[in-house]
Every structure is written in C-alpha cells, then in structure tokens.
Amino acid sequence: MDAAKTKHLSGELNAYAHWFVAPDPAAGGHFLAVTLFAEFGDTARITREVTAVFLRRAGADELVDDAQLVVSELVANVVNHTVPDRHLAQPGSCRRIDVTFKKFPKWFFLGVADEDSAPPLLPVGDAFPAALVGELSEAVLPDSGRGLLIAQRLATSVWWSPEERGGKTAWCRFDLDRPSACSA
C-alpha cells in the first residue's frame, strides 16, 4: 500500500474512533443533543437554526450552509418517510427526532435519529450521467434518495447505524480541513 493510501486509511480510522465518543471541551470539542418532534410544523426550521448556532459557537462558520442543508434533508426524511417501530409507537404521540452534533478539532459529526428501524435508502450513484440530467425533465428523475444524495455530495461521509432500543441514526461526517462543496 502506498503512503497516500496509508495516510488516508489512518485518517478514516481516526475519524471513526472519534465518532464513538463525546468531544472533550478542554481539547476544543463541542457536543449538543436536541430532541424534536416530526409533527410540529417548524421542526426543520428549528433544526437548521440550532445547527447554525452550534457551528458558529464551535468556530466552524464555514460549515453552516452545507450542514444546514444536510440536516434539513435528514429531518425531512424523518418527517416524510418514517413509521415508528411497533414497540416504540404510542397512540396519539409524536414521532421523536434526536439530532446529535459532535465537533472535534478535525471533524464535525451530525446524527439524525428516528424510531423507524428500516434502513435509509442511500443512493448508490447517479441514475443518469451528469451531462444528461440537464436535458431531462424533472418527471424522469428519481423521486426518492435526493436528500441523501445531497448529503453524500456535501458531507465527507454518510452512513447509518441501528439503535439498540430500535430505530436508527443517519450520520454525516464533515472534515474540517477540506473545502466545503459550496465554496468549491
């Protein structure tokens, strides 16, 4: 394995190890967890605002636009597509959305948890070549996976993990040492 691949793999493993722990404030880390409910009309707006406030206070202003768009898409997926697992659903109750923010000196992790254990449908790739998409009407473009495709384009990495109690969390990692997709 060449030096560049070794360095890349080492960086990925280091980021993965940090995903499991809460950041240390003494080392420049920041952490926030927020619970919202899918049935409230302003859930996505509030999540975008909390994302902006968290990142600005954590000194990661350059990520605000990308992270707001990604969190908005992930929360919209919960609002529009999730059905709570039977043991988590309560008649007349709202669907819970837990948003987790973890900022380390090198990384920002964003997690959006819901009560539906069904895996998210992460798009494998573009359904059409980029040059052809501009010529197609919107009617022939895929209806699902657009939000997760946006997340994949803006974040360094996107994945999901099942929760022990049921449900899942969709995660995004932004590397703070790479230029944002919006500024590139």
Side-chain angles (χ1 to χ4, degrees), residues 18-23 25 29-104 107-123 138-139 141-174 176 180-182:
H18 281 79
W19 167 57
F20 284 104
V21 298
H30 299 269
F31 178 84
L32 178 66
V34 178
T35 298
L36 302 158
F37 298 97
E39 284 69 25
F40 291 17
D42 57 356
T43 298
R45 180 188 57 78
I46 289 170
T47 308
R48 285 190 302 272
E49 290 175 5
V50 169
T51 302
V53 169
F54 175 84
L55 287 170
R56 287 186 179 115
R57 287 189 178 169
D61 295 41
E62 71 279 4
L63 282 182
V64 170
D65 292 338
D66 288 355
Q68 280 185 308
L69 182 53
V70 168
V71 78
S72 193
E73 292 295 335
L74 295 177
V75 167
N77 284 348
V78 176
V79 170
N80 295 317
H81 302 295
T82 64
V83 177
D85 294 348
R86 177 166 282 190
H87 72 282
L88 296 174
Q90 307 225 349
S93 68
C94 295
R95 291 171 295 152
R96 181 182 171 130
I97 303 171
D98 294 317
V99 183
T100 304
F101 304 95
K102 296 180 181 185
K103 195 255 180 201
F104 295 89
W107 308 282
F108 168 60
F109 294 93
L110 169 66
V112 176
D114 61 59
E115 298 171 315
D116 184 348
S117 292
L121 298 174
L122 293 172
E138 193 171 301
L141 296 175
D143 284 335
S144 63
R146 290 181 187 169
L148 290 170
L149 184 60
I150 289 169
Q152 284 183 325
R153 301 287 175 157
L154 296 177
T156 305
S157 184
V158 177
W159 70 99
W160 71 280
S161 62
E163 296 295 324
E164 284 183 33
R165 63 174 171 65
K168 67 181 168 301
T169 302
W171 289 98
C172 295
R173 185 186 90 219
F174 294 84
L176 299 175
S180 81
C182 287

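Remember, it's a predicted structure, so these values are computed and weren't measured experimentally. Below, each value reflects all heavy atoms present in this structure, side chains not excepted, and no hydrogens, waters or symmetry copies.
Between Thr156 and Trp107 the shortest side-chain heavy-atom distance does not fall below 4.5 Å. Counting only heavy atoms from C-beta outward, the side chains of Val99 and Leu110 approach each other to under 4.5 Å. Considering only heavy atoms from C-beta on, Asn77 stays 4.5 Å or farther from Thr82 through its side chain. Proximity of Leu55 to Phe101: side-chain heavy atoms (C-beta onward) are nowhere separated by under 4.5 Å.
In this structure, Leu176 and Lys103 approach most closely via the heavy-atom pair CD1-CE, 3.6 Å. Heavy-atom minimum distance, Gly147 versus Glu73: CA-OE1, 3.2 Å. Smallest separation of non-hydrogen atoms from Pro120 and Leu148: CB-CD1, 3.9 Å. Across all their heavy atoms, Pro119 and Trp160 have their closest contact at CB-CZ2, 3.4 Å.
Side chain to side chain, Arg48 and Ser72 meet the donor-acceptor criterion of an N or O pair below 3.5 Å.
Partners of Asp85 according to the side chain to side chain donor-acceptor pair (under 3.5 Å) rule, which considers only residues two or more places apart in sequence or in another chain, are Ser117. Residues satisfying the salt bridge (charged side-chain N to carboxylate O under 4.0 Å, His left out) test with Asp98, not counting sequence neighbours, are Arg96, Arg165. Residues forming a side chain to side chain contact (heavy atoms under 4.5 Å, CB included) with Thr100 (at least two apart in sequence, or on another chain): Phe31, Lys102, Trp171. Under the rule for a side chain to side chain donor-acceptor pair (under 3.5 Å), the partners of Thr169 that lie at least two apart in sequence or sit in another chain are Glu163. Legend: residues meeting side chain to side chain donor-acceptor pair (under 3.5 Å) with Ser157, ordered by chain and number and at least two apart, are absent. The salt bridge (charged side-chain N to carboxylate O under 4.0 Å, His left out) check on Glu49 picks up Arg45, with sequence neighbours excluded. For Val79, the side chain to side chain contact (heavy atoms under 4.5 Å, CB included) partners at least two apart in sequence or on another chain are Ala38, Val75, Ile97. Ala170 is linked by a side chain to side chain contact (heavy atoms under 4.5 Å, CB included) to Leu74, counting only residues two or more places apart in sequence or in another chain. Glu39 pairs by the side chain to side chain donor-acceptor pair (under 3.5 Å) definition with Arg95, not counting sequence neighbours. For Arg56, the side chain to side chain contact (heavy atoms under 4.5 Å, CB included) test picks out Ala52, Asp61, Val64, with sequence neighbours left out.
Between the CD atom in Gln68 and the CG atom in Leu154 there is a gap of 12.0 Å [rounded to 0.5 Å]. The distance from atom CG of Leu36 to atom SG of Cys94, rounded to the nearest 0.5 Å, is 11.0 Å. Here the CG atom belonging to Leu88 is positioned 9.5 Å from the OG atom belonging to Ser93, to the nearest 0.5 angstrom. Taking CG of Leu32 as the reference point, atom OG1 of Thr51 lies at 9.0 Å (rounded to 0.5 Å).
Applying the salt bridge (charged side-chain N to carboxylate O under 4.0 Å, His left out) test to pairs two or more places apart or on separate chains, those with a residue in residues 107-116 are Asp114-Lys168.
Note on ring orientation: taking the six-membered ring where Trp is involved, the planes of Trp159 and Phe109 are perpendicular (angle over 60°, cut-offs 30° and 60°). Relative orientation of the Phe37 and Phe40 rings is tilted, given thresholds of 30° and 60° on the angle between their planes.
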